[in-house]
2 protein chains.
Amino acid sequence: MFVGMTGTTENQQAARRSDATRATILAAARERFAADGYEKVTIRAIARDAKIDPSMVMRYYGNKAGLFAAAVAIDPGLPGLPVEPREEIGRTLVRHFLTLWEENEELTALMRVGATDPAAAERMQSVLREQLIPLARRLGPEPDQAPARAALCASTVLGLALTRYVLRFPASMALGREEIVDWLGPTVQRYLTAPTP
Amino acid sequence: MFVGMTGTTENQQAARRSDATRATILAAARERFAADGYEKVTIRAIARDAKIDPSMVMRYYGNKAGLFAAAVAIDPGLPGLPVEPREEIGRTLVRHFLTLWEENEELTALMRVGATDPAAAERMQSVLREQLIPLARRLGPEPDQAPARAALCASTVLGLALTRYVLRFPASMALGREEIVDWLGPTVQRYLTAPTP
DNA sequence: AACATAGGCCAACACGAGTTGGCCAACAAG
DNA sequence: CTTGTTGGCCAACTCGTGTTGGCCTATGTT
């Protein structure tokens, strides 16, 4: 069984003929969720965007929650960041987050939904817990202050993301990329490395 | 006509016998909207909290949108802030926002809803436009930089509100009030008064 | 050629939501 | 006491949604 493969001996998952449709659905879902959150998005609308029948979404992703989970699966990959030079970590972090946000619209979706859905909020928190706090622990003076310092950094970059990508304040969207790095970089740098005020 | 008043010659609105119910509905609505946003909140649930019939909500507030509008009517009152001493404006602003947020749960509601509703987002933006930018213009070196500086301040305090009151990150909730002022105060101060980096 | 299977669509169900209109009881004015 | 008005409740309607099961048609295997 499972002979219908693509020629080479696959050890992963068999390439299904419907993979194109699956991807189309996922792309449409990401776009909709990023634009409108969770509740306001209808499976029918996503299906219409993907030019398939709503029941296909159910077949491939189980239910609406499953589709959302598949649409926002992403890893910010903070551990892979270069931590040197140490006095540049603030600017490096801000730049990394900006790139992340501009390339992955699912982050906007996650944020929109996290505002009202505890599960999505927990997913965001897990990034703080498993990636940002450890990073702060490696950098900060007193290790027991790592959660506080990491929380301040999270609030900084999420605040920018909120006003720029979610609420879409013109004054925030007007800021240039390097302008943001110049302003927020020192802030994050201070939160991570400065002595307690 | 209009004789059924409360004795004194009222020039405002006659005190209706149903004012107590109106207030109860509004309180329940604020609580629900602050907890769950807009879509997930049902008029039926609010009515249950207020121990009245759902149709009463309609009678008094027209429809769900009208109820929400009445529930989040609030003014941050930034123009009344003491702007002196000038080197304390950052800390003053942060303290003011903290108080505001802890006393008015409708701000949390507005933020939850703003994440997915353009109208609510516009309401938040109007605060930036009509109160924060003018304040930045009065303080900042170059007036044409006021929108950028104000946007950075908004992103700072909204970022904290997001992680602390909306997403409810434990690391952010653990921060003490004066601790926050000590960390964010200098940040806001710099955004408002420091020379362009 | 016959058949099995997977991809896709259609029509319908079930249910919860916002909203509506009419009925009843208390209160106040005449 | 009668009568109009106000506050409140009940039952129903309508609509959109997530979700389901059955049917059709390619595709590819034997």
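Pairs of residues two or more places apart, or lying in two chains, never qualify as ring-ring contact (aromatic ring centres under 6.0 Å, His included) while including a residue from residues 41-62 of chain B.
Contact of Arg44(A) with dG18(D) (side chain to base): a donor-acceptor pair of N or O atoms is detected under 3.5 Å.
Nucleic acid contact class of Ser55(A) (heavy atoms, under 4.0 Å, all strands): base. Counting any heavy atom pair closer than 4.0 Å across all strands shown, Val41(B) reaches sugar-phosphate atoms only and no base atom.
For the pair Met58(B) CE and dA11(D) P, the interatomic distance rounds to 19 Å; values are reported in whole Å. Following rounding to the nearest Å, Ile43(B) (CD1) and dG16(C) (C1') show an atom-to-atom distance of 13 Å. Atom pair Tyr61(B):OH and dT20(C):C1' shows a separation of 20 Å (rounding to whole Å applied). Summarising the geometry, the separation between CD on Glu39(B) and C1' on dG18(D) is reported as 15 Å, rounded to the nearest angstrom. Between Lys40(B) atom NZ and dG18(C) atom C1' the separation is 19 Å, expressed in whole Å.
Judged purely by distance below 3.5 Å, without hydrogens or angles, the side chains of Tyr165(B) and Glu105(B) never pair a donor atom with an acceptor atom. Side chain to side chain, Arg177(B) and Thr99(B) meet the donor-acceptor criterion of an N or O pair below 3.5 Å.
With DNA chain C read from its 5' end, the first of the two nearest nucleotides for Gly62(B) and Thr21(A) is the one closest to Thr21(A). Two residues, Arg17(A) and Asp53(A), neighbour DNA chain D, and the one matched to the more 5' nucleotide by heavy-atom proximity is Asp53(A). Taking the nucleotide of DNA chain C with the nearest heavy atom to each of Tyr38(B) and Arg59(B), the more 5' of the two is matched to Tyr38(B).
Under the salt bridge (Lys or Arg N to Asp or Glu O under 4.0 Å) criterion, Asp49(B) pairs with Arg32(B), sequence neighbours left out.
Contacts with DNA chain C (heavy atom under 4.0 Å) in residues 25-34 of chain B: none are found.
Remark: Lys40(A) fails to qualify as a cation-pi partner of Tyr38(B) under the 6.0 Å distance and 45° angle criteria applied to the six-membered ring.
Nearest to the side-chain atoms of Met56(A) among the listed nucleotides dG8(D), dT19(C), dC9(C) stands dC9(C). Listed candidates were dG7(D), dG8(C), dT19(C). Nearest to the side chain of Tyr60(A) is dG8(C).
Checked by atom type and distance alone, the side chain of His96(B) pairs as donor or acceptor with a backbone atom of Pro76(B) at under 3.5 Å.
The aromatic rings of Phe68(B) and Phe33(B) sit perpendicular to each other, their planes meeting at more than 60°, with 30° as the lower class boundary.
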